[in-house]
Amino acid sequence: MDKTYQPEQIETRWYERWEADNRFAPSGEGEPFSIMIPPPNVTGSLHMGHAFQDTIMDTLTRWRRMQGRNTLWQVGTDHAGIATQMLVERKVAAEEGKNRHDLGREAFTDKIWEWKQESGGEITRQLRRMGASVDWSRERFTMDDGFYRAVQEVFVRLHEEELIYRGKRLVNWDPTLHTAISDLEVENRDQQGSFWHFRYPLADGVTTDDGQDHLVVATTRPETLLGDSAVAVNPEDARYASLVGKFVELPLVGRRIPVVADEHADMEKGSGCVKITPAHDFNDYEVGKRCGLPLINVFTQDAAVREHAEAFDLQGRPLLDVDPSLPAAYAGLGRFEARERIVADMEAAGLLEQVEIVSNTLPYGDRSGDVIEPLLTDQWFVAVEELAGPAIAAVENGDIEFVPKNYENMYFAWMRDLQDWCISRQLWWGHRIPAWYDDEGNVYVARSEAEAREKHGLPAELALTQDEDVLDTWFSSGLWTFGTLGWPEQTPELATFHPTSVLVTGFDIIFFWVARMIMMTLKFTGEVPFQQVYVHGLVRDGQGQKMSKSKGNVLDPIDLIDGIALETLVEKRTSSLMQPQKAKAIAKATRAEFPKGIEPHGTDALRFTFLSQATTGRDIKFDMGRLDGYRNFCNKLWNASRYVLMNAEGEDCGADEGSEVELSLADRWIVSRLQQTQAQVTQAMEEFRFDHASQALYDFVWNEYCDWYLELSKPVLWDEGASAAAKRATRRTLVRVLEAILRLAHPMMPFISEEIWQRVAPLAGTLSADGGSIMNQPWPLADESLVDERATRDIEWLKGVIVAVRNIRAEMNIAPGKPLEALLTKGGPEDAERLAANRLFLSKLAKLERVEWLDDPAQAPLSATQLVGEMEVLVPMADLIDKDAELARLAKEIDKQEKLIGGIEKKLDNESFVAKAPEAVVEKERAKLADFEAARRLLVEQREKIEAL
RNA sequence: AGGACCAUAGCUCAGUUGGUUAGAGCGCCACGUUGACAUCGUGGAGGUCGGCGGUUCAAAUCCGCCUGGUCCUACCA
């Protein structure tokens with residue numbers, strides 16, 4: 001093995017080898033285990049969230065595979081409608097100076113396919129760098145042919161059951177992207193805004209009870225005034241009761257609109273009158289429905305004022321009895337410009353009563369960043385009510401379990417208040433809606449145009465045109481778990497791997513994706529999509545900030561793996577910023593945080609860091625310190641392995657079961673502790689507590705195997721006195737425990753474990769004849785019969801004595817390497833036996849040239865002392881003592897013991913404690929008290945001796 | 001407005017059904033290159049577990065209130 005651990009040397013090599021050997025495919029044997037990757041955007045690149053999520057999925061997958069499960073990790077990518085279309089649109093604009101309309105639909109979508117070909121490999125290459133053991137032979141894309149079929153099938157069937165319908169409805173319209181978006185794609189942002197109070201003159205000479213000839217309405221959106229259908233007052237509001245059924249004259253427009261009574265009007269707010277614009281406000285739309293008001297649309301798809309309004313009834317049919325005329329002055333103005341002009345004109349007309357500054361919330365498109373406009377358009381919807389019931393029930397009855405459980409509440413809350421899902425998007429990139437129109441506007445839904453004609457008996461000469469819209473990306477990704485397995489065909493894969501075992505996902509897409517998958521999958525397969533949902537948090541930077549390009553705090557997982565020079569990192573973070581003026585601050589912060597850039601850490605260290613930080617479902621602050629620490633851990637494992645190999649290669653390691661072995665205490669102890677570690681790691685994995693799993697492994701490897709067992713093996717291997725059987729036993733234990741450690745580590749750290757295992761396994765006699773891979777080895781099982789409590793206690797004693805001597809060295813300022821004499825005294829016969837049995841270990845590890853049992857404590861020379869249980873460890877030191885320093889140290893120690901004693905005495909003096917606490921607890925306190933008192937006695941005796949000098 | 005989650009060492013975090021001398025890693029201090037490893041070893045300093053109150057023999061842990069933070073849902077005509 002190389003002297004230093006160099007991850008870059010081994011990681012790519014092993015991945016290629018595994019892939020070439022087809023080790024990621026399901027074995028076809030054993031209980032199935034399957035995970036569907038949340039498909040990343042096909043043209044995207046790997047960010048920290050992916051890296052985190054992929055690590056968890058891969059750890060689960062490798063672990064279950066080693067357990068002998070028939071394991072499938074299904075991979076694929078998502079076409080990501082809006083995101084991808086925007087990206088290519090920008091690219092075309094930059095390179096050719098054209099927009100998509102210049103190219104036309106076909107040429108533009110060809111460009112996207114080209115771009116997918118070109119860049120689609122990036123994310124999958126990065127997935128490979130993470131070590132993801134996905135079955136590449138089954139890679140899918142949400143717009144591949146099979147998925148088209150599944151999507152069409154689902155659409156047609158839902159339509160046949162009238163669970164998909166088309167209608168003119170108010171939707172969230174993105175005026176920049178020219179498409180409808182779902183509620184979930186709207187981001188509400190708080191701002192300061194103006195709140196204008198307008199006078200609407202009463203028509204026909206009517207006046208209010210207090211003699212006013214107008215009503216006052218207030219709005220944050222004056223431009224929608226053009227589309228007002230009514231003014232509403234609360235039915236309970238006595239002030240305006242006489243006006244209900246009367247009319248106001250809509251200023252600037254001149255249209256007569258009624259005063260209606262509706263509970264939406266809040267008597268407490270403003271004047272109690274509210275303008276109603278059913279075509280431009282969701283609440284008003286509901287009022288319109290209740291009061292039978294016309295929908296008057298005054299905006300174009302660019303959110304500019306129309307020349308003439310369009311009026312519809314609630315069924316979306318044109319209304320001819322509404323005067324569509326609008327003031328010519330506003331035609332063509334954008335909504336914000338129109339707002340200014342309307343406010344100015346109202347003021348000029350003396351109809352502006354006051355302007356308040358208020359804080360309000362505005363809806364923004366999460367992709368375009370534009371203000372979303374509620375707009376009346378023809379769209380397709382899924383009626384979700386019928387689908388939601390079973391989806392709620394599946395979680396309620398435990399068919400689907402969320403981990404952690406509290407996300408179930410979030411799911412229920414959302415599912416119980418579900419609006420119909422607008423699934424049509426006015427985009428070009430996506431699944432085209434399988435609906436055709438004749439020139440009279442009749443719509444035919446079918447799997448193909450041919451099927452539409454056949455189904456509806458349409459003559460060949462009747463011209464049909466397909467719906468221009470595409471489906472929401474989440475419509476197709478909702479079919480992910482069964483679509484990838486071949487549905488609508490009843491494939492063997494579907495039978496074997498569905499429902500999938502666990503979905504690993506972020507809480508941010510529970511609504512977008514998880515909920516819709518559950519609804520769609522239950523509807524079409526009658527099965528839940530997955531049995532468990534492991535929900536993880538967001539990966540934030542070290543300060544807890546969300547990572548974002550604009551903040552300049554993004555870390556690229558690949559840079560953490562390979563390292564990156566400071567200048568390159570600064571360049572990466574400051575290039576192509578939306579706000580270039582931030583570049584300087586970002587560069588400064590980056591230089592301060594990473595003065596030397598980022599060193600290479602390797603994939604295994606990165607994975608281990610994610611796992612160690614993966615605590616139950618909350619956001620993680622990515623900690624560079626831990627990344628360094630776990631890189632060091634890899635290095636530690638590497639070097640420990642070198643030690644083992646140096647001592648075992650070419651030697652008799654007892655692989656032959658018949659050979660004679662003489663197990664030492666250390667051997668029995670480490671094997672025992674290994675069993676417990678195996679049990680701990682397994683349990684942690686079952687509970688999705690990857691932090692506990694990684695911690696248990698780390699502790700065992702570093703603090704027990706390396707710090708103690710390796711040290712304890714040295715005297716046996718290097719000392720002349722040990723028998724051949726003892727040496728063989730130690731080599732066998734060294735090798736076998738290491739081999740098991742590697743298997744235990746493999747799901748978390750696949751590369752280093754494989755690299756070392758290839759060397760160690762032959763010595764342990766576990767490498768199969770075909771060359772094998774650790775990937776396909778059995779997961780280590782704890783063997784209860786190898787747990788040896790006696791050995792653990794003996795080793796604890798041994799460690800206690802060694803630490804006691806080290807403590808004495810530190811306290812007395814004795815060089816660590818200086819050979820010392822030690823005496824053990826007091827204690828019981830067991831202590832004397834332990835000394836006799838462990839003289840070799842003791843003298844080597846504590847650097848003692850002599851260690852003896854002293855029967856009569858009174859014979860002890862002046863010594864530095866430490867207590868191990870009842871027993872005292874003495875290092876004679878008459879010539880080494882600094883009287884004053886020692887007395888000061890003793891005083892401090894005695895004080896500490898007295899505080900502990902005081903605390904316990906107080907407890908034991910408390911009668912109700914003794915009376916009410918369980919006997920075991922009281923006993924434990926008494927035992928502690930005895931220990932502390934013994935320690936104090938020793939210290940006091942010591943003080944007396946020193947004082948007597 | 002409603003809800004969720006969080007607050008433990010300078011930093012990032014563990015702490016299972018209440019009983020521990022409250023732990024780990026990083027950082028810090030001192031000493032140390034003995035034949036796996038200075039990406040290391042040995043020893044050490046550092047916390048009244050956000051605040052107040054309650055339940056209990058016993059609270060970091062359970063309950064209530066408060067403060068601070070993160071986030072979600074809804075509303076703001």
Side-chain angles (χ1 to χ4, degrees), chain A residues 1 3-5 188 190 193 195 217-221 224 231-232 264-266 269-270 273-277 281 283-284 287 358-361 404 406-407 409-410 413-414 417 507-508 510-511 537-538 540 542-544 546 599 601 605 612-613 615-647 687 689 691-692 695 698-699 703 706-707 710-711 714 718 803 806-807 809-811 813 815-817 847 896-897 899-900 903-904 907 910-918 920-922 924-925 928 931-932:
Chain A
M1 279 171 79
K3 192 157 187 319
T4 52
Y5 165 59
N188 292 305
D190 290 330
F195 191 41
V217 297
T219 181
T220 54
R221 303 212 46 204
T224 63
V231 168
H264 173 62
D266 185 338
K269 280 187 184 165
C273 304
V274 54
K275 68 194 251 339
I276 301 298
T277 322
D281 181 283
N283 286 311
D284 292 3
V287 177
V358 294
S359 62
N360 61 347
T361 313
N406 53 309
Y407 284 103
N409 293 329
M410 184 168 151
W414 191 70
D417 186 30
F507 68 94
D508 50 331
I510 289 181
F511 303 149
L538 217 60
R540 298 169 175 274
Q543 281 70 246
K546 222 179 225 181
E599 290 182 343
H601 293 86
S612 76
Q613 296 214 80
T615 69
T616 50
R618 56 173 172 159
D619 289 356
I620 65 173
K621 292 185 207 174
F622 188 78
D623 186 356
M624 287 297 292
R626 290 181 101 160
L627 180 62
D628 288 340
Y630 295 129
R631 191 255 332 259
N632 295 354
F633 177 59
C634 291
N635 189 58
K636 187 76 179 175
L637 182 58
W638 184 263
N639 282 301
S641 305
R642 284 182 57 226
Y643 166 80
V644 172
L645 291 170
M646 280 169 58
N647 286 286
E687 293 167 349
R689 287 305 302 263
D691 56 332
H692 289 168
Q695 180 77 34
Y698 184 100
D699 281 345
N703 301 332
C706 292
D707 284 353
L710 259 44
E711 294 308 318
K714 288 173 185 175
W718 296 346
V803 168
R806 286 177 185 164
N807 269 315
R809 284 180 190 272
E811 280 159 8
N813 256 322
K847 306 277 170 13
K896 188 175 151 193
Q897 293 301 321
K899 274 189 187 138
L900 291 170
I904 293 183
K907 262 193 201 176
N910 182 341
E911 278 173 33
S912 38
F913 171 71
V914 179
K916 293 189 182 173
V921 173
V922 178
K924 206 170 151 192
E925 291 299 318
K928 278 196 298 196
D931 285 350
F932 296 149

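Predicted, not measured: the structure shown is a model, and the values here were computed from it. Just so you know, these numbers use all the heavy atoms, side chains as well, and skip hydrogens, waters and symmetry mates. Every chain is numbered from 1, with letters handed out A, B, ... down the list of sequences.
Heavy atoms of D266(A) sit under 4.0 angstrom from at least one base atom. Using a 4.0 Å heavy-atom distance criterion, E599(A) is classed as making no nucleic acid contact. Within 4.0 Å of E687(A), counting heavy atoms only, lies no atom of the nucleic acid at all. Using a 4.0 Å heavy-atom distance criterion, M410(A) is classed as making no nucleic acid contact. Among the protein residues, T615(A) comes within range of the sugar-phosphate backbone only, with heavy atoms under 4.0 Å from sugar or phosphate atoms but none that close to a base. When heavy atoms are screened at a 4.0 angstrom cut-off, R540(A) is found touching the sugar-phosphate backbone but no base atom. Within the 4.0 angstrom heavy-atom criterion, only backbone atoms of the sugar-phosphate kind lie near Q613(A); the bases stay farther away. Counting any heavy atom pair closer than 4.0 Å across all strands shown, C634(A) reaches no nucleic acid atom. Within 4.0 Å (heavy atoms only), T4(A) reaches no atom of the nucleic acid at all. Y5(A) comes within contact range of no nucleotide atom at all, as no heavy-atom separation falls under 4.0 Å. K636(A) comes within contact range of at least one nucleobase, with a heavy-atom separation under 4.0 Å. Residue contacts for R806(A): at a heavy-atom cut-off of 4.0 Å it reaches the sugar-phosphate backbone alone, with no base atom in range. The residue K847(A) sits close to a base: some heavy atom pair falls under 4.0 Å. Residue contacts shown for F622(A) are absent, as no nucleic acid heavy atom lies under 4.0 Å away.
Looking at K636(A) and Y5(A), their side chains never come closer than 4.5 Å, going by heavy atoms from C-beta outward. Looking only at side-chain heavy atoms (C-beta outward), R642(A) and K3(A) come within less than 4.5 Å of each other. Between V803(A) and N807(A) there is a side-chain heavy-atom pair separated by less than 4.5 Å.
In this structure, the nucleotide among C13(B), G19(B), C37(B) sitting nearest to the side chain of N639(A) is C37(B). The nucleotide whose nearest atom lies closest to any side-chain atom of K621(A) is, among C37(B), G44(B), C13(B), C13(B). Nearest to the side chain of D619(A), among C57(B), C13(B), U70(B), sits U70(B). Closest to the side chain of D691(A), from the set U73(B), G43(B), A14(B), is A14(B). Looking at the side chain of H692(A), the nearest of the listed nucleotides G15(B), U73(B), G19(B) is G15(B). Among the nucleotides G15(B), C57(B), G43(B), the one closest to the side chain of V803(A) is G43(B).
Taking atom P on both G46(B) and A22(B), the two are 13 Å apart, rounded to the nearest angstrom. If you take atom P in U70(B) and the same atom in C13(B), they sit 15 Å apart, rounded to whole Å. Look at the C1' atom in both A38(B) and G32(B): the space between them is 10 Å, to the nearest Å. Across the P atoms, A36(B) and A30(B) are found 28 Å apart, a figure rounded to whole Å. For the P atoms, the distance linking U61(B) with C72(B) amounts to 29 Å, nearest Å. C66(B) and C28(B) have their P atoms separated by 42 Å, with the value rounded to a whole Å. Annotation: A24(B) and G15(B) have their P atoms spaced 15 Å apart (nearest Å). Straight-line distance between the P atoms of A7(B) and C63(B): roughly 14 Å, to the nearest whole Å.
Counting distance only, with no hydrogens placed and no angle test, the side-chain atoms of E711(A) and the base atoms of A36(B) include a donor-acceptor pair under 3.5 Å.
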**Message:** Could you walk me through whether W718(A) and N647(A) satisfy the side-chain contact (heavy atoms from CB on, under 4.5 Å) test, starting with their C-alpha distance in whole Å, then the side-chain angles of each, then the deciding distance to 0.1 Å, before giving a yes or no?
**Reply:** CA-CA 10 Å; W718(A) 296 346; N647(A) 286 286; 3.3 Å; yes
**Request:** Go through D281(A) and T224(A) one step at a time and tell me if the side-chain contact (heavy atoms from CB on, under 4.5 Å) criterion holds.
**Result:** CA-CA 9 Å; D281(A) 181 283; T224(A) 63; over 6 Å; no
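Put simply, CZ on F507(A) and CG on L538(A) are 5.5 Å apart, with the number rounded to the nearest 0.5 Å. To the nearest 0.5 Å, the span separating NE2 on H692(A) from CD on E687(A) amounts to 8.5 Å.
Along RNA chain B, the nucleotide nearest D707(A) and the nucleotide nearest D699(A) are compared for position; the residue whose nucleotide lies closer to the 5' end is D699(A). Residue whose closest nucleotide on RNA chain B sits further toward the 5' end, between A815(A) and R642(A): A815(A).
Listed pair K3(A) / C37(B) meets the phosphate criterion, a side-chain N or O lying under 4.0 Å from OP1 or OP2. Regarding contacts with the backbone of A30(B), every side-chain N or O of R809(A) stays at 4.0 angstrom or more from both OP1 and OP2. Neither OP1 nor OP2 of U70(B) sits under 4.0 Å from any side-chain N or O of K546(A). The shortest distance between the side-chain N/O atoms of N910(A) and the OP1/OP2 oxygens of A58(B) is not below 4.0 Å. The phosphate of C76(B) (OP1 or OP2) has a side-chain N or O of N283(A) nearer than 4.0 angstrom. Between N632(A) and the phosphate of G25(B), there is no side-chain N or O to OP1/OP2 separation shorter than 4.0 Å. In this model, the phosphate group of U39(B) is not approached by any side-chain N or O of H601(A) to a distance below 4.0 Å at OP1 or OP2.
The CG-C1' distance, from L538(A) to C5(B), rounds to 14 Å in whole Å. Here C26(B) presents its P atom at 5 Å from OH of Y698(A), a figure rounded to the nearest Å.
Judged by centroid separation below 5.5 Å and plane tilt below 30°, W718(A) stacks onto the base of G35(B).
Y643(A) carries K714(A) over the face of its six-membered ring, with the cationic atom under 6.0 Å from the centre and within 45° of the normal.
The nearest pair of heavy atoms linking E925(A) to K907(A) is OE2-NZ, 3.5 Å.
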